[in-house]
Number of protein chains: 2
Amino acid sequence: MSELSHRQKSILEAATRVIARRGVRGLRVEELSAEAGVSTALLYYHFGDRANLLRRTLEFISDRADRYTGEGVSADADPCAALERTLLLELQDDPDVRENSTAWGELRASAVFEPELQDQLRTSTEQWVRDIAELVERTRACSATPAASHPADTAERLTALVEGLSERWLSGSITLERARHLLRDAIAAEVGETLHTG
Amino acid sequence: MSELSHRQKSILEAATRVIARRGVRGLRVEELSAEAGVSTALLYYHFGDRANLLRRTLEFISDRADRYTGEGVSADADPCAALERTLLLELQDDPDVRENSTAWGELRASAVFEPELQDQLRTSTEQWVRDIAELVERTRACSATPAASHPADTAERLTALVEGLSERWLSGSITLERARHLLRDAIAAEVGETLHTG
DNA sequence: GTCTATAGGAAGATAGAC
DNA sequence: GTCTATCTTCCTATAGAC
């Protein structure tokens, strides 16, 4: 919400990288200051204390995720392909995606124990679900089978599945390819077989 | 794997409770010793150091989860109801369930950053998926619609969905009732409509 | 095996100069 | 706004008696 100075932004970007590398649990103020190329004192000058720094970072991450999803969605011409592409975007062997997914997973995991993060998390999640629900609705136009659920339900299931698969991938329980395969089939099942998979 | 003394077991139970309350990151050796009703020195006597204590606790949690699922599955006469009941077992407003789910979520989240936990996690997850796959297979007998996916795929999707929904529930992003509703519909969609849902 | 007491160190936070 | 140097707190881990 509040405007970020260039310096503050670069600190939050560094914090995102450190969280993706060590987790919220593993973030050391000193390691963050090294990553950002500033002194620890400066972190305290800008953010007060570690807890607040974390709060701001998680806010930063979820804002960035909103922007990310929002752009990809509206720019696409074919809604049927767009849904699949948008969701599969979260399961990619790309450093940025991995960083964002890991940091997001940490946000969720931390929120379980820190109620002050829950509002932030819920708001961001709901926004994501709404974006996907809109895509689902548009997808119905080019589906071969009739809709079984409300778009909101479908969207919430698919996004929750993405989170579950993403966590399994990041924690080494399944391969990326298998996660993608499972997600693709789930999408096909939820919105019906589309032209290119028929 | 190694035999646990009564004392060790009660310490690991206490550790599970503390992790469910504070998270892995928030577990303080002193708080654990108070919870277990012993001195901190005794924890070190039995478990060496904090990291090993954590490792053993997470192993304990996943062993307990295996036993939990295994029992419920085999004892049920009606496979169609059993699948739904077994999966919904994870989404209940019961202190024990909440404790186990929270601790399990922490195990998963920690494994992202600690490779030495990943084997443990993968093994336990695969066991769970296999148990559910077996139930899915049996469920096919009383399903009204033809099977769309391999039982292994269905089981892996449903369990990943359970984890995703559980995390959203525990982090306050959705209500328990909504999570249960979404899961029920997903099960119906995956194994086909069964008799009792018409 | 279990406790009390405490050493020792890591990490968060601040003081004060520039 | 930013740094260097340092303080303080908290927490893991151990020593030694019983």
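Just so it is clear: chains get the letters A, B, ... in the order the sequence lines come, proteins before strands, and each one is counted from 1. Side-chain atoms are counted along with the backbone in the values below, which use heavy atoms only and exclude waters and symmetry mates. As the structure is a computational prediction, the values presented were derived from the model and not from experiment.
Side-chain nitrogen and oxygen atoms of A/Tyr44 include at least one within less than 4.0 Å of the OP1 or OP2 phosphate oxygen of C/dA13. Using a 4.0 Å cut-off, no side-chain N or O of A/Arg28 falls inside it from OP1 or OP2 of C/dA10. Taking 4.0 angstrom as the limit, A/Arg7 places a side-chain polar atom (N or O) nearer than this to OP1 or OP2 of D/dT2.
Relative to the side chain of B/His46, the nucleotides D/dT4, D/dA13, C/dG1 differ in distance, and C/dG1 lies closest. The side chain of A/Arg50 approaches C/dA13 more closely than any other nucleotide in the set C/dA13, C/dT14, D/dT12. The listed nucleotides are D/dC3, C/dG12, C/dC3; the one nearest the side chain of A/Val29 is C/dG12.
Between the CG atom of B/Asp49 and the P atom of D/dA13 there is a distance of 5 Å, given to the nearest Å. Between A/Gln8 atom CD and D/dG1 atom P the separation is 8 Å, expressed in whole Å. Rounded to a whole Å, the CG atom of A/Leu42 is 16 Å from the P atom of C/dG12. Going from atom CD of A/Glu30 over to atom C1' of D/dT6 covers 13 Å, rounded to whole Å. The distance between atom CG of A/Leu43 and atom C1' of C/dA11, rounded to the nearest whole Å, is 13 Å. Here C/dG12 presents its P atom at 10 Å from CG of A/Leu32, a figure rounded to the nearest Å. The nearest whole Å value for the distance from the CG atom in B/Leu53 to the C1' atom in D/dA13 is 13 Å. As a whole-Å value, the separation of B/Tyr45 OH from D/dA13 P is 18 Å.
For the residue pair A/Gln120 / A/Ser62, a side-chain donor-acceptor distance below 3.5 Å is found, with atom types taken as modelled. No side-chain donor from either of B/Ser171 and A/Arg122 sits under 3.5 Å from a side-chain acceptor of the other.
Using a 4.0 Å cut-off between charged side-chain N and carboxylate O, B/Arg25 and B/Glu106 make no salt bridge.
Note that CG of B/Leu165 is 11.5 Å distant from CD of B/Glu90, once rounded to the nearest 0.5 Å.
Heavy-atom neighbours of A/Glu30 CD from other residues, nucleotides or ligands within 6.0 Å: at or below the threshold of 12.
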